[in-house]
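Here the structure comes first, spelled out in structure tokens, and everything after it is commentary.
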Amino acid sequence: MTGLGEVVGVDGRTLLVLGQELDVERGQPDVGNALVHRTGDTLVVVDTGVTEAFRAALREAADRVGPWSRVLVLTTHGHPDHVANNDLADGFGVPAEHWVPAADLGQMRDPDAYWVRAFERVQGMAPLPDPAVAGPALVSLFRPYRPFAAVTRTYEERPLERIRIGSARFTGWTFADGAVRVLRTQGHCAGHVIVHLRDCRVLHLSDEGNGACGAMADADQLKIQTTLGAVALLFEEGEAEALTDGHTFAVRRGAGAAVPFLDGLLEQATVLQSAALGAVAGGATVRPGEFAARYAEAFTSTGGGGANPNALFLAMMAVNQLHELGLRPESAAPGAPWSRTPLQLGD
């Protein structure tokens, strides 16, 4: 077990500050891991988590990697467990920048609406109170919630760059004279980015490592899987040497540790898709609750993984899997059967 705010050294100027898992019954928010790094005279903080305790741990980690005279705070995506301490960017007493993905501004401004929508999609598939109640109740765990700083701007205000790392090609933005690369991935949610630290060859995957099948309404399964493959290539070519992410509380060092982890997630995607096909075969309609139960069994058989693998998040993944197979609900009623739209063949 790890403790909230525990620090794992990646190298002499890079630290992984560990978060914690979600426990709704105890009123405990999940907290995404944060990366603290120094390049030259610039302090780089990737994600800020939530809770005052985690905020204090970030400040202590920043002092450990010093000295620095500038601060760069980077947000990988807009979920509350990664952004609630973002106003920390204003408090270092030195020139600071804070950058966030434009596509996630809506959910950062109104997280209640984002999570209500997420839960509305799984009514009838998982034990859940009224989404209009469940969404705000979940968000209420993430307090204090301060997702913006006075210096906050969006990445998209900067010119988009073509970034080549080894034989892999990305688009995104570079900072600190190219030492920090922010790479667009947009799989886990609409605005998601990952971060590559050039000089120490650390790749922070954030929540693109939360399984190969996304849970959120704005997730993109193909982008998740493409990202996992591209990152594996960076390790095989020696362009990355340490892998960190948002929720597994570990540093995977070298291709020998990172590549099997990434390949395992991709294998999970194929196993789950095969199981989903089996669950919908032989019937004109699919009962979503039954499908979600079989999907959860298949997920457990893979060994699980990622953040918060509970019944609710597995149901959210199952909805996305149904969509990916081409099925749609037959009505807006909770628990309505799903089916494929008949193909319209020409004469």
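Keep in mind that the numbers below use all heavy atoms, side chains included, and drop hydrogens, waters and symmetry copies.
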Original post:
Are Asp87 and Arg55 within salt-bridge range, i.e. N to O under 4.0 Å?
Top reply: yes
**OP:** Write down the atom of Arg121, the atom of Ala215, and the distance for their closest heavy-atom approach.
**Re:** NH1-O, 4.1 Å
Original post:
Does Arg201 have any salt bridge (charged side-chain N to carboxylate O under 4.0 Å, His left out) partners at least two apart in sequence or in another chain, and if so, which?
Top reply: Glu241
Original post:
Are the side chain of Asn85 and the backbone of Thr48 linked by a donor-acceptor contact shorter than 3.5 Å?
Top reply: yes
Subject >> Side-chain heavy-atom pair Tyr145, Val83 within 4.5 angstrom cut-off >> reply: yes
**OP:** Look at the side-chain heavy atoms of Ile, Leu, Val, Met, Phe, Trp and Tyr, link any pair under 4.5 Å apart, and say whether Phe92 and Val17 land in one connected group.
**Re:** yes
**OP:** Tell me whether Phe170 is reachable from Leu262 by hopping between hydrophobic residues (I, L, V, M, F, W, Y) whose side-chain heavy atoms are closer than 4.5 Å.
**Re:** yes
Original post:
If you look at every heavy atom in Phe291 and Val286, which pair is closest and at what distance?
Top reply: CB-CG1, 3.7 Å
Subject >> Side-chain heavy-atom pair Leu22, Leu141 within 4.5 angstrom cut-off >> reply: yes
**OP:** Tell me, please, which residues at least two apart from Trp99 pass side-chain hydrogen bond (donor to acceptor under 3.5 Å, both in side chains).
**Re:** Glu97
Subject >> Non-hydrogen side-chain atoms of Val231 and Leu205 separated by less than 4.5 Å >> reply: yes
Original post:
Between Arg26 and Val24, is there a donor-acceptor pair closer than 3.5 Å when you use the side chain of the first and the backbone of the second?
Top reply: no
Original post:
Among Leu197, Val44, Thr76, Leu74, whose side-chain contact (heavy atoms from CB on, under 4.5 Å) with Leu35 holds?
Top reply: Leu197
Original post:
Does Leu160 belong to the same Ile/Leu/Val/Met/Phe/Trp/Tyr cluster as Val193, with side-chain heavy atoms less than 4.5 Å apart forming each link?
Top reply: yes
**OP:** Return yes if some donor-acceptor pair links the side-chain N/O of Glu239 with the main-chain N/O of Ile165 below 3.5 Å, else return no.
**Re:** no
Subject >> For the student: nearest non-hydrogen atoms of Pro80 and Phe142, plus distance >> reply: CB-CG, 3.6 Å
**OP:** Verify, without hydrogens or angle tests, whether Gln28 (side chain) and Glu21 (backbone) share a donor-acceptor contact under 3.5 angstrom.
**Re:** yes
**OP:** Return yes if some donor-acceptor pair links the side-chain N/O of Arg328 with the main-chain N/O of His323 below 3.5 Å, else return no.
**Re:** yes
**OP:** Test the Arg158-Phe175 pair against the cation-pi criterion, namely NZ or CZ under 6.0 angstrom from the six-membered ring centroid and within 45° of the ring axis.
**Re:** yes
Original post:
Checking Thr39 side chain against Thr42 main chain: does a donor-acceptor pair fall under 3.5 Å?
Top reply: no
Subject >> Glu52/Arg59 ion pair, N-O < 4.0 Å >> reply: no
Subject >> Residue that, paired with His77, satisfies side chain to side chain donor-acceptor pair (under 3.5 Å) out of Asp104, Asp218, Asp207 >> reply: Asp207
**OP:** Please check if the distance between the ring centroids of His79 and His192 is under 6.0 Å.
**Re:** no
Subject >> Arg181, His196, Arg184 screened by side-chain contact (heavy atoms from CB on, under 4.5 Å) with Ile163, the one that passes >> reply: Arg181
Original post:
Ignoring hydrogens and geometry, is there a side-chain-to-backbone donor-acceptor pair from Glu208 to Ile194 under 3.5 Å?
Top reply: no
Original post:
Do side-chain atoms of Trp338 reach the backbone of Leu327 as a donor and acceptor pair under 3.5 angstrom?
Top reply: no
**OP:** Please examine the side chains of Met108 and Tyr114, heavy atoms only from C-beta on, and report whether any two atoms are closer than 4.5 Å.
**Re:** no
Original post:
Considering only heavy atoms from C-beta outward, does the side chain of Val10 approach that of Cys200 to under 4.5 Å?
Top reply: no
Subject >> Val65 side chain reached by His37 side chain, heavy atoms, under 4.5 Å >> reply: no
Subject >> Close side-chain approach of Met216 to Trp115, heavy-atom, < 4.5 Å >> reply: yes
Subject >> Side-chain donor/acceptor of Asp47 to backbone N/O of Gly49, under 3.5 Å >> reply: no
**OP:** Give a yes or no on whether Arg146 atom CZ has more than 12 heavy-atom contacts from other residues, nucleotides or ligands under 6.0 Å away.
**Re:** yes
Original post:
Which pair of heavy atoms, one from Phe261 and one from Gly209, lies closest together, and at what distance?
Top reply: CZ-O, 4.2 Å
Subject >> Heavy-atom pair with the smallest gap, counting every atom of Cys213 and Tyr295 >> reply: CB-OH, 3.7 Å
Subject >> Side chain Ser140, main chain Ala137, donor-acceptor under 3.5 Å >> reply: yes
**OP:** Check whether any side-chain heavy atom of Glu267 sits under 4.5 Å from a side-chain heavy atom of Thr302, and report yes or no.
**Re:** no
